[in-house]
Structures are given as C-alpha cells and as structure tokens.
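Notes follow once the structure below has been shown.
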2 protein chains.
Amino acid sequence: MQSTHLREHNLSLCLRTLSSAPEPLSRAGLAARTGLTKPTVSKLVEELIGAGLVAEDAPLIHGTGRPMVPLRPASGTLLAIGLEVTAVGVSCLATDLTGEVLAAADETLDAVAAPPSRVIEACGRLVSAVRGTASADAPAPLPVVGVCAALPGRIDPADGSVLSAPGLGWSDVPFVARLRERPELAGLTVLAQNDNRLSVLTELDQRPGQSFVYLRGHTGVGGAVVLGGRVLEGEHGWAGEFGHMVVEPGGALCRCGRRGCLEAYVSAHALRERAGLGPESSLEELVDALAHASGTGRTDGRSEVIGTIGRAIGTAVANALNVLDLSTVVLSGHLAPIGEEIGPVISETVAEHALATEAGPITIERSDAPADLALRGAARWALEPVFAAPGQWIARAA
Amino acid sequence: MQSTHLREHNLSLCLRTLSSAPEPLSRAGLAARTGLTKPTVSKLVEELIGAGLVAEDAPLIHGTGRPMVPLRPASGTLLAIGLEVTAVGVSCLATDLTGEVLAAADETLDAVAAPPSRVIEACGRLVSAVRGTASADAPAPLPVVGVCAALPGRIDPADGSVLSAPGLGWSDVPFVARLRERPELAGLTVLAQNDNRLSVLTELDQRPGQSFVYLRGHTGVGGAVVLGGRVLEGEHGWAGEFGHMVVEPGGALCRCGRRGCLEAYVSAHALRERAGLGPESSLEELVDALAHASGTGRTDGRSEVIGTIGRAIGTAVANALNVLDLSTVVLSGHLAPIGEEIGPVISETVAEHALATEAGPITIERSDAPADLALRGAARWALEPVFAAPGQWIARAA
DNA sequence: GTAGATTAGTTGTTGCATCTTACTAAACAG
DNA sequence: CTGTTTAGTAAGATGCAACAACTAATCTAC
C-alpha cells in the first residue's frame, strides 16, 4: 500500500463514519471514533467540506467547554440515480449523499412484452427527467456520481449484462452497455445489480457493520449475506440467492426445473397457489389469507400452509446459518408482512436444525424498510464509489 | 489508519508474498508483485532479514541482466508449536517460519477416560520436549512465537475454552487458560482452535488467496469456508461446520439428536455401519469396502451406500455453494480417499442443485495433504501473528 | 574486446500524511 | 474574573514511500 492510499483510506473512513453515525459528530468526536488525531481529522474534514461532501451545522453547546461544530454528510450537493426495472414498469429516483430523495419518476411499461431496447429508452428518459427536477432549485446542474439499475435477475458482475431475468423474459441482455450508449447518460458511470442485493443496502443503513442473512420475497425469493456490513459477492455475484436452496430433496417442482427448491414453496406465485388464491390476487389479499383464518375460511388449510412455508424457510435459513455461523435473519419483501404468522414456525425449525442455537438465540426480524427498497438501494450503490474513494471523486469533480 | 500501520501492513505484505510464492523472489520481483517500489521493498526486506524472518540465497543468474538475489522465508530461526488432542493421545510438533518440521513428539493417552488435567499436563511435557529437540542444533534456544492446539470440538473464540468436544467427552473446559498456567508454557502465547478449521490452513498453503468450501471427514464431519484465502470465522467461530446441515428433513438420526444431519450419513461411524463393517475396522478397510466390490462382496449394497453418501454430501455442498456462490469444493480427511468413488455422485447432485453450475463447472477436488493436517495447521496458526504484524514480532523479539 | 542492452539493486532526495506539542476559542462554575 | 473543560487550529517534527539517478553484473553483437 502506498502513502497516497493512506489518505484515501482515511478520507473514506471519515466520510463513512459520519454517514453511519446516528447523530452528527464533531471533529473531536470523529477523531475519537476513527482513532485518528484531531489535527488529521481537521485536515481531512476541511477537504471533504471543500468538495461539498460534508457540511457543518450551527455550533452546538452541550454542557461545559467550547461548543462543538456538528458535521454531517452534505445534502443537495450531488446526485446519485437509481433505476428499477420490473415486469410492469421502470422507476427512477435521484438522491443526494445523505440518501434523501430529491426527485423521482416512473413509467408504466410491459417489460415482458416490450423489447429490452424500449426499456432502455425509458430508463434514459427517466434519468434525464429526474436530473432536471433534482437540479431545478440549484443554481447549476448538480454533478451525477453515477447511475445504478436494479434488475430482477442475475447480472454479470464483470460487465453488468443480464444473464437471465425470468420475470422479464430476458436472457443475455447487455443492459449496462446499451444504457451507457443512451445520449442522456453520456459520460456517466452506469452499474446494474440484482434487486435483492440492492435492497439489502437500504437495510444496511439501519444496521451498519452488522452481520446477517437477508431473505427477500419479491416475485421469486432472493436475498443476500451481509458480513460485517459488507454484502458478500461470491464468484459470479449471486451469493445469497437462497431461492434455489434445496429444502426437500425430490420435493415440489420449481419453475427452474429442479425439485425441492425454497422458491417452489415460498415464491409469491407458490404462496398464492397454496393459499388457494388466483394468480392475479394482490399482496394484501395474500397476507390477509395467511394472517386471518377468515380470509378463505379454511382454518386447517391455513395453518398447514403456514407450516409448510415456515418449515421450508426454516430449513433453508438453518442451513445458511450453519454455513455462516450467524444468528440474525431479516425477512423482507412479501415475507415481511407474513412474518408475524410464519415467524414462529421458522424460529422453531431453525432452533431445531441450526448449530448456532447452542450459543445463543437466533433472531428472526422483519424489515420495516419502505417499499421502494431496491430503488433506494440502487441509488445507494451508485454512491458507493464516493464513499470508497472520496479523493478520486473530488479530483474528478474538480 | 496511522502511518505506522502502513509500514506494518507493507512488511506483512512482503512476508506473506514471499511465503506464498511458489519459488523465491528477488527484491525486484517482490516489488512487482506487491505494487511497491524497489527502494521501499529493499528497506522492508532489509528489516525482515535483520530480524531473521527472511533469508537471502546465493545470487542466481537467469538469462541476461544482473543476477537476482533470491529471497525466501528464513528457516530455523524461530519456533511455532502445534498441539493436537484426539481421543487416543496428544501430538506435538515444532516448525519454523517455512512450515518445516523441526521436532515432533506424541503421547498415547485415553483422553476420554483421563481427566482434562492429565491431557493438559501431557501437552506441557510435549511442548517442553519439542522445544528442547528443535533447539538442540542451535547455539541458543530458538524463540517461540506461540503455541496453538487443535481440538476436535467447538472452541470459544474469545478465551479458547472448549465449549463441547463430544469425541473427548469434554464440555466447558477452560483449556487455554489451564494450559497457560503450565510452567513449561510460561510467557508464551497460547491459542486453541477447532481441528477442521486448522486443517484447512494446511490446504490453504497450496491454494493461496483462493475461495473454496472445505469438507473434512475425521470422526464427525466438519469443514471451513475460505473466502479469498481467509478462513471465515462466523459469530461463534464455527462457520463451515457442515456436519449438521440438514440434507434430508426428518431423515436419519444423528448423534446430536437431530434428524437428517449430514453427519448422520457420512461420519466415520455412519460409513462403517453403512458399509457393514464393525466399529473397530480401520480406515483402510472402510475405503477398501467402498472402493472395491470385492471388499464385502455386496456389489449392490456398495453402490447403494455410495449413492446415499454422495447424495448427502452433494446436497449439503450444493446448499453451501448456493449461499456462498463458490465453485470449488475440497474433500479431505476420510472423505479424500473415498473421493474417487463418491466424487461422481457428488458432482451429479451438485450439478442438479447448485445455481453456480449455470455459470461454469464446479470442481470437486481431493486434498493430497499429509495426515497430520490439523497438527501442521495448528503450528501454522501459531505463526499467524508474525505474518500479520512482523514489526511487532521484531520489536518483541528484540 | 568493447559498446550496448538488460535486469537487479542502492543512494539520496523529495513529497506527503500523520503525529506531537502547544496554542487559541468558547463555553461554564465558582 | 479566574480556573476548568472541551473544541478546534497552527507549526514543526517524524516517518514512510515515491522518484530519479545511479551502480552492479551479466549477456549479446559487431
């Protein structure tokens, strides 16, 4: 490691520490947290303020001594743009460094019927619109750190092409390459990531530095593994894809063609089928059917369905926890609202099979994050280069 | 990070790079590999040589240009001591920085019948003996970097106490604390780790920086997860304990009391039972029975046994790979010799269930490491502080 | 056999990031 | 108004790695 990397590392450390702190820190507090000295922190913070990445609040008197100058990530000085493509449309959103949403827009579009090129055009339009709206109040257009798209499928981490997205009917679509060609995105950093992996970033804001297993029901079932605040990548970028873990060898047929996958039991489609609902029923109806016996009237059927789902998830989670030796599980997406019902069954199954129960309780938590999880996560991911290497961003922006 | 840490980091980088290089590197080669400049490497290497951590070989002419001075980890300048406790005895071994064994000794002891205190006494005696033998040729006693014990059970990473070791009949034994009290080990760094997790370190020497899943059959079945050359810890230090992954809900009864654990299918005990051998039969007999139809004469039974074992391992491995998104599996311990037989069944099962097959082939490899795997791994782990912070060791030794 | 090319490694200097020490600033307590 | 406490700054010292230029040792070519 070279000495210039040291500075970059410490800049990043300061910025991240400020970002993840529950409340604004003073320079002195930042020095204490990072282990750097006060003069060093002062210099680094000065640079971050100069670049518009950090802002000072009004001095705050707390007890005796000189009042502290609270520091916080600057708001409204730059844009990170998130995109989300689903079967029914494209959404777009611009945030600043704090994650505050400055503008949003969306377009309805049947992504299954329409060719990918139409979707990519829509993305271009939305990015352009959102850039305009977000910069409307500012004297000059805000600089864009990057654009990241959330896609419901497997993405090649090397070039951001979509290897397969069953929900969109896509396979081998060079999404990022095409998006980069759009005139509206000329010169911008463009990324793409799986929607589940991006969702977890939003969750991570609530749990900085923690380790947990994240399970998200959306159309299928996906998730992520978070170790010490970092999302595990894996060799092909799909670590934590729990949907196709085997929960019962030779069991139910999954749409992937295999047998006994978790997804065959708890995808939105499988849940509706098990709950006796039509494929067009809403999530609310589904939750209602599972949560209240009155939903379908079939009390026995309900508890049986809940048992099947709970045991399937429990088995998958227990296996994941045995491999990773973690003790926190976060349920999100359509698994969060039904978490209250299936939680106990999951806990029971996990307690039965997970080794970690011998060391302490395993907590199954429900995410209370907002609905546009993946979209926010995408914007958050677009910001990542700034957090990782603030010095490079400063040099680029200047 | 402070600037003094930078130097420590670079010292460590140089030492590790030299250690993991397949053949000696010159200063210039080391500079190229580490990304540091030649002058910087020269300075760092000078310090490492001065401290007896690196040695120069005779200059070597290779083609045109000035001959290089090959550098390699110094041999015979310090001691790392490994211990291994099994049901039948205690083994001990001293290596230098290169991993070369300088001395070894063992004691037969029925660790199940004898109280832990007897085992700890034996450890003390063996360490003392091994230190003497290893330093016999040297003009002065060699400094000991540390002692690490391999134990067949779950270890508290905080204090090195044995939480449970079914094979020894131990539970809640403050092993490290007691061992540290022995006069023979006064002043030494003492560590303890699970034997499977230490075994993988020996494997890692062959695969520096790689990522793989490591499965080791010993008495039970354990393993480890290696991500980028680092062994995953987990919250309680037992990540990668694959033995109790569920491979068939409600399946065979495991000695842990649960049902359907991998270990219930492929522990040495379970294998013997399935192969129709007595509990006292040797590993050779077992391999023979599985490898050759002539072993027991029951050809049908054999292929059925192999199928059951292979599918059990395959299911567990596929699930682990789905969580981690890796594509290499290494079989070790008693799984290595039978690997040729069960390998195809495992591959087949994994190919059927693992998502990563869609991106490329998954390789199931057999470890060809020596038998005293865990013991060597223990010594290797005792060395770790020197590799991680050579500067501190130099300061301590001086 | 001498000049040139090539690779290895060292020397001295420079630049840069952090640390140390000592200071000023701004509040409160008595 | 003086002492105490906490925040933040200034100036100089320290220490590390980078850079450029050098020496060292070998081979090749004419």
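- Using a 3.5 Å distance cut-off with no hydrogens or angles, the side chains of Ser75(A) and Glu100(A) do not pair a donor with an acceptor.
- Of the charged side-chain nitrogens involved, at least one lies within less than 4.0 Å of a carboxylate oxygen, so that Arg207(B) and Glu203(B) count as a salt-bridged pair.
- Within the 3.5 Å criterion, the main-chain N or O of Gly237(B) finds a donor-acceptor partner in the side chain of Asp325(A).
- Rounding to whole angstrom units, CG of residue Leu60(B) and C1' of dT6(C) are separated by 16 Å.
- Under the ring pair (Phe, Tyr, Trp, His ring centres under 6.0 Å) criterion, His236(A) pairs with Trp238(A), not counting sequence neighbours.
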statement: Per-nucleotide protein contact along nucleotides 19-30 of chain C, 5' to 3', at a 4.0 Å heavy-atom cut-off (B base, S sugar-phosphate only, - neither), is SB----BBBS--

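- Although no hydrogens or angles enter the test, the distance criterion places a donor-acceptor pair under 3.5 Å between the side chain of Ser12(A) and the main chain of Phe387(A).
- Looking only at side-chain heavy atoms (C-beta outward), Leu44(A) and Cys14(A) come within less than 4.5 Å of each other.
- At a non-hydrogen distance threshold of 4.0 Å, Arg7(B), Asn10(B) from residues 7-27 of chain B come into contact with DNA chain D.
- Among the heavy atoms of the strands lying under 4.0 Å from Val69(A) are primed sugar atoms or P, OP1, OP2 only; no base atom is included.
- Residues passing the salt bridge (charged side-chain N to carboxylate O under 4.0 Å, His left out) test with Arg180(A), sequence neighbours excluded: none.
- In this structure, the side chains of Thr328(A) and Leu326(A) stay at 4.5 Å or more apart for every pair of heavy atoms.
- With values rounded to the nearest 0.5 angstrom, Leu227(B) atom CG is found 7.5 Å from Leu227(A) atom CG.
- Annotation: side chain to side chain contact (heavy atoms under 4.5 Å, CB included) contacts of Ala21(B) (sequence neighbours excluded): Leu25(B), Arg33(B).
- With a heavy-atom cut-off of 4.0 Å to chain A, the contacted part of DNA chain D has its first and last nucleotide at dT5(D) to dA18(D).
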